Amino acid sequence: MIIDLLRQEHRNIEKLLFVLEQELSVFDRGERPDYEVMWAVIAYFQVYPDAYHHPQEDMVFEKLKARDPAAAANIGDLAAEHRRGAERLHRVAQAVESVLMMDWVVPRHTVDDIIRDFIMHARSHIAMEERDFFPAAVKALQPQDWADIALSRATGQKDPLFSEIVEERFDAVRRHILQLEQEAEAERARC
Ligand SMILES: [Fe+2]
Ligand SMILES: [Fe+2]
């Protein structure tokens with residue numbers, strides 16, 4: 001079921017948010033975080049949610065608006081929330097870039113605030129969706145709605161095989177990031 005897939009994607013997103021948080025705590029201690037890991041997480045978030053996760057949520061939300069406008073209104077403007085998330089991520093990328101360039105245009109504590117703000121909002125967005133949005137959709141949408149969404153999922157991509165390959169690649173990238181993070185943690189534990 002689509003909602004189960006979206007929930008699973010949330011679990012994947014949470015794992016990467018945790019990795020980012022781990023690296024941020026290294027930065028906060030005044031040590032050098034693993035910037036390769038940080039960049040990999042940022043790059044993942046720059047592509048994955050808008051390519052896969054948000055379009056599906058938007059489709060479910062459109063159906064909810066039609067079936068239960070009051071419930072949809074209660075949730076608010078989902079697309080705007082997704083846009084704001086992308087803006088926060090853009091600030092994270094700029095902040096990390098500023099650290100790497102050592103230009104300190106962005107002060108150290110501001111870098112921390114920007115990354116923490118991104119992580120906090122991403123988590124509360126996921127929590128809101130699982131608490132309010134998904135249950136409202138499960139309650140209001142009819143079998144035909146889910147069938148429509150599944151169909152547009154399948155036909156939305158010009159080449160389903162290509163899209164499957166891309167999805168597998170994202171899985172591989174995520175596994176790679178988690179592996180890199182484990183190595184970075186092990187290395188730090190040795191020091
Ligand atoms: Fe969302
Ligand atoms: Fe979501």
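In listed order, ligands and their atoms are each counted from 1. Source: prediction; values computed, not measured.
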Under 2.8 Å: N/O/S of Glu129 next to the Fe ion (ligand 1): yes

The Fe ion (ligand 1) to nearest N/O/S of His125 less than 2.8 Å: yes

Face-on cation placement of Arg108 at Phe27 ring, 6.0 Å and 45° thresholds: yes

Close side-chain approach of Lys139 and Arg67, heavy atoms under 4.5 Å: no

Aromatic plane relationship, His53 with His10 - under 30° parallel, 30 to 60° tilted, over 60° perpendicular: tilted

No-hydrogen, no-angle side-chain donor-acceptor test under 3.5 Å, His121 and Glu81: no

Working for side-chain hydrogen bond (donor to acceptor under 3.5 Å, both in side chains), residues Asp4 and Gln8: CA-CA 6 Å; Asp4 295 328; Gln8 183 50 49; over 6 Å; no

Heteroatom test (N, O or S) for His53 near the Fe ion (ligand 2), limit 2.8 Å: yes

Residue His10, metal the Fe ion (ligand 2), N/O/S under 2.8 Å: yes

Name of whichever N/O/S atom of Glu57 is nearest to the Fe ion (ligand 2): OE2

